[in-house]
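Please read the structure below before turning to the comments.
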Amino acid sequence: SFGLLIYHAALDEITESNHALLINLFWYLGPNFLLTMVSTLALPHWTSHFLTCAGLIGICCASTSEAQKNTDLVLWALRIAAVVNLVVDGFFLELPNVMMWDVCYRVLTAFIVQVIRHGYWTSPFIWWSMSFQLLVAYYLKTGQIILLAGLASIHYKKQMVRMTNTKKDGYSK
């Protein structure tokens, strides 16, 4: 069935890319992990703010795309935004603002970061996928469907790029 194909493609993407797994774990499980760690280890309340900022900077470090210059510029802007968010939050809240978002929007943010890292933000296929994910986030409010759809669409986009590159190489010989 269609759902099984999406699940299989999402699983393939997770197994092919360590970054996909780390990015999605950070955004999906981040708030629960941060709250548990701060309360269990009796750390200061601002520890979660520093860890979130460090996580955001780590996620936005290196791109995997061929359009390296533009992708690196966008990732640089996201790293700066992470530091600005750390300062603006003011350390008054238990969790940073980005970690208090609904799970649907955190998972959608993870998808957007992955799209930027791969340099796929100009792909119509990716935009259709993001539109679908936004509809699911707004109407169904389930992060699992968004997670699977995002991972599957990145996996299928990678396959499209590979097929295009294979055809180009085949025609040039």
hydrophobic_cluster_shared for [Y] and [X], side chain cutoff 4.5 Å:
X: Ile57; Y: Leu51; answer: no
X: Met99; Y: Leu41; answer: yes
X: Ile116; Y: Phe125; answer: yes
X: Phe50; Y: Val38; answer: no
X: Leu56; Y: Leu22; answer: no

Taking the side chain from [X] and the backbone from [Y], do they hold a donor-acceptor pair closer than 3.5 Å?
X: Ser17; Y: Ile14; answer: no
X: Ser123; Y: Tyr120; answer: no
X: Thr40; Y: Met37; answer: no
X: Arg106; Y: Trp101; answer: yes
X: Glu13; Y: Ala9; answer: no

Looking only at the side chains, is there a donor atom on one of Gln159 and His155 sitting less than 3.5 Å from an acceptor on the other?
yes

If you look at every heavy atom in [X] and [Y], which pair is closest and at what distance?
X: Thr36; Y: Ser39; result: O-OG, 3.2 Å
X: Pro44; Y: Thr47; result: O-OG1, 2.8 Å
X: Ser153; Y: Gln133; result: OG-NE2, 4.3 Å
X: Ser129; Y: Ala149; result: OG-O, 3.9 Å
X: Val107; Y: Gly143; result: CG1-O, 4.0 Å

Distance in Å, [X] [atom1] paired with [Y] [atom2], rounded so as to fall on 0.5 Å steps:
X: Phe111; Y: Gln114; atom1: CZ; atom2: CD; value: 8.0 Å
X: Asn165; Y: Met160; atom1: CG; atom2: CE; value: 13.5 Å
X: Leu134; Y: Ile146; atom1: CG; atom2: CD1; value: 8.0 Å
X: Ile126; Y: His118; atom1: CD1; atom2: NE2; value: 9.0 Å
X: Leu4; Y: His8; atom1: CG; atom2: NE2; value: 8.5 Å

With sequence neighbours left out, what residues match Lys157 under salt bridge (charged side-chain N to carboxylate O under 4.0 Å, His left out)?
none

For residues 23-34, tabulate all N or O donor-acceptor pairs below 3.5 Å that involve a side-chain atom, not counting sequence neighbours.
residue : atom : partner : partner atom : Å
Asn24   : ND2  : Ala20   : O            : 2.8
Tyr28   : OH   : Gln144  : NE2          : 3.1

Measuring only between side-chain heavy atoms, which start at C-beta, is Ser48 closer than 4.5 Å to Leu35?
no

Is any side-chain heavy atom of Trp121 closer than 4.5 Å to one of Ile112?
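No - every pair of side-chain heavy atoms lies 4.5 Å or more apart.
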
With a 6.0 Å cut-off (strictly less than), is the heavy-atom count around OH of Tyr7, excluding the residue itself, greater than 12?
no

Who pairs with Leu140 by side-chain contact (heavy atoms from CB on, under 4.5 Å), at least two apart in sequence or on another chain?
Val136, Thr142, Ile145

Can a cation-pi geometry be assigned to Lys141 and Tyr139, taking NZ or CZ under 6.0 Å from the six-membered ring centre and within 45° of the ring axis?
no

With ring pair (Phe, Tyr, Trp, His ring centres under 6.0 Å) as the test, would you mind laying out the steps for Phe132 and Trp128 before giving the verdict?
CA-CA 6 Å; Phe132 169 75; Trp128 279 101; over 10 Å; no

